[in-house]
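What follows is one structure encoded as structure tokens, with my remarks underneath.
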Amino acid sequence: MSEFYPGISKIAYEGPQSKNALAFKYYQANELVAGKAMKDHLKFAMSYWHTMVSGGADMFGPGTVDKKYGSDDPMESAKNKALASFELMDKLSIDYYCFHDRDIAPEAETLAESNARLDIISDLLLDLQKKTGKKLLWGTANCFSNPRYAGGAGTSPEVDVFTFAAAQIKKALEITVKLGGRGYVFWGGREGYETLLNTKMGFELDNLARLMRLAVDYGRSIGFTGDFYVEPKPKEPTKHQYDFDSATVIGFLRHYGLDKDFKLNIEANHATLAGHTFHHEIRLARDTGFFGSIDANQGDMLLGWDTDQFPTNVYDATLCMVEVLKAGGFTNGGLNFDAKARRASNSLEDIFYSYIAGMDAFALGLKLAQKLIDDGRLDEFVNERYSSWNNELGQKILKNQVTMADLEKIALAKGDVKVGSGRQENLEAILNTVMFG
Ligand code: XLS
Ligand code: NI
Ligand code: NI
């Protein structure tokens, strides 16, 4: 088997003192954190689309990295790409991957031919999985790139487009099941609108839910026992996307009775686009029972779009991992690096530098998250802050044993109330001492 990343050997852990750019400084796959190996806490996944497909093209210029894998023939190239992806995962010690149908096998003239191509490549991927032990974290269908989806897929104004999308998702579910994927993602790329002047919003929302219901019913009928995910994002490519943020999606899933089958796949950059922190989105998912999986990346606060950068912000990674640990860890989900190297990062090594940076940031985040939990001061303060709810009155209210009139009587008798300090600055300082102390 020829090498696609020649001259780069398996990346080893060398520790934080190492100056070797091609070594892990914090990620040590088998190091135990709270009794569990780092690799099992983090469940890193490679995103096929950014890593194997995109060469860095943007609207001002073409790609800067060759992603043809030695062949101009689309299927030869797709096969080589699959081989290259496993070489890359092996060299980086990444156990999982994620894809859209069109990432692994390019779309053909007809749906039947596209499906046949998927059969061929998924056979190859299955074979590679068996040989290496690598796993599919989740699959999805690209129902946003082809011009037919310009007006949406499930939310298209045209019934033929809805039908085509359903057929495409059916096939994507089949290959996800075939490859043992434990998740299936709906990211509503163009499920939204550009202007309400041409849009039936309520009708589109109903149809989006209808498509998801069809997918759940079909997926369960072919033995998919994993999680369906919605990946919230407020905008881009459309001006307004229906899956705006976690809160919106949770409301949507409950409204349409999809909440038993769906969880959330939270992406850091999408959180900030929605005006939230990454931490906020994961916390809400955890507190409502919708925590599923994570697209680990980061945005640039000075840019208003989805820059999908490799995550290196250790505060964000730490607070994310606090939520993951408190959720009891990932079940079917994991940390998918939905991230791309910058266009100017055009060497073969750059993709390795990128993953090393992201994996090290999350390894560090994991250790610091555990340290923060062990330190206990933040949790202790929060518990104390809410402790009045443990008193008799608090308990009565929580058990819904009071009326407004009861509360008025108590408030009138008690007189004015003084509220305790929120101590934010002190808590931020504690965070710093735990992280850097
Ligand atoms: C795009 C999304 C996409 C999903 C998968 O912004 O992040 O890459 O993760 O369709
Ligand atoms: Ni994104
Ligand atoms: Ni994503």
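Every number for a ligand or one of its atoms is a count from 1 in the order of the listing. Numbers here simply count residues along the sequence, with the first being 1.
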Hydrogens and angles aside, do [X] and [Y] bring a side-chain donor and acceptor to less than 3.5 Å of each other?
X	Y	result
Ser122	Lys178	yes
Asp338	Trp49	yes
Asn80	Ser77	no
Gln168	Asp101	yes

Discussion item. List the residues meeting side chain to side chain contact (heavy atoms under 4.5 Å, CB included) with Glu76, not counting sequence neighbours, and say none if there are none.
Written reply: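 In terms of side chain to side chain contact (heavy atoms under 4.5 Å, CB included), with neighbours along the sequence ignored, Glu76 is linked to Ser71, Asp73, Lys79.
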Only N/O/S atoms count here: what is the atom of Glu231 closest to the Ni ion (ligand 3) called?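 That would be atom OE2.
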Give one line per pair: atom of ligand 1, protein atom, distance. Only N/O to N/O under 3.5 Å.
unit_1: ligand 1; atom_1: 6 (O); unit_2: Lys233; atom_2: NZ; d: 2.9
unit_1: ligand 1; atom_1: 6 (O); unit_2: His270; atom_2: NE2; d: 3.1
unit_1: ligand 1; atom_1: 6 (O); unit_2: Asp306; atom_2: OD2; d: 3.0
unit_1: ligand 1; atom_1: 7 (O); unit_2: Glu231; atom_2: OE2; d: 2.7
unit_1: ligand 1; atom_1: 7 (O); unit_2: Glu267; atom_2: OE1; d: 2.7
unit_1: ligand 1; atom_1: 7 (O); unit_2: His270; atom_2: NE2; d: 3.3
unit_1: ligand 1; atom_1: 7 (O); unit_2: Asp338; atom_2: OD2; d: 2.7
unit_1: ligand 1; atom_1: 8 (O); unit_2: Trp49; atom_2: NE1; d: 3.2
unit_1: ligand 1; atom_1: 8 (O); unit_2: Asp338; atom_2: OD2; d: 3.0
unit_1: ligand 1; atom_1: 9 (O); unit_2: Glu231; atom_2: OE1; d: 2.6
unit_1: ligand 1; atom_1: 9 (O); unit_2: Glu231; atom_2: OE2; d: 2.9
unit_1: ligand 1; atom_1: 9 (O); unit_2: Asp295; atom_2: OD2; d: 2.9
unit_1: ligand 1; atom_1: 9 (O); unit_2: Asp338; atom_2: OD2; d: 2.9
unit_1: ligand 1; atom_1: 10 (O); unit_2: His100; atom_2: NE2; d: 2.7

Next item on the list: Kindly give the heavy-atom pair with the smallest separation between Ala317 and Ala361, and that separation in Å.
Entry: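 Looks like CB-O, 3.6 Å.
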Scanning both residues in full, the closest heavy-atom pair of Ser156 with Val161 reads OG-CB, 3.3 Å
Discussion item. Is the shortest side-chain heavy-atom distance between Met89 and Tyr97 below 4.5 Å?
Written reply: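 Yes. Closest side-chain heavy atoms under 4.5 Å.
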### Task
Indicate, with yes or no, if the rings of Phe44 and Tyr355 have centres closer together than 6.0 Å.
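No, the ring centres sit 6.0 Å or more apart.
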Report for the Ni ion (ligand 2), protein N, O or S closer than 2.8 Å, by chain and number, lists Glu267 OE2, His270 NE2, Asp306 OD2, Asp308 OD1
Hey, could you give me each pair passing ring-ring contact (aromatic ring centres under 6.0 Å, His included) that has a residue in residues 153-185? Not counting sequence neighbours.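 Applying ring-ring contact (aromatic ring centres under 6.0 Å, His included) to every pair that reaches into residues 153-185, excluding sequence neighbours, yields Tyr184-Phe186.
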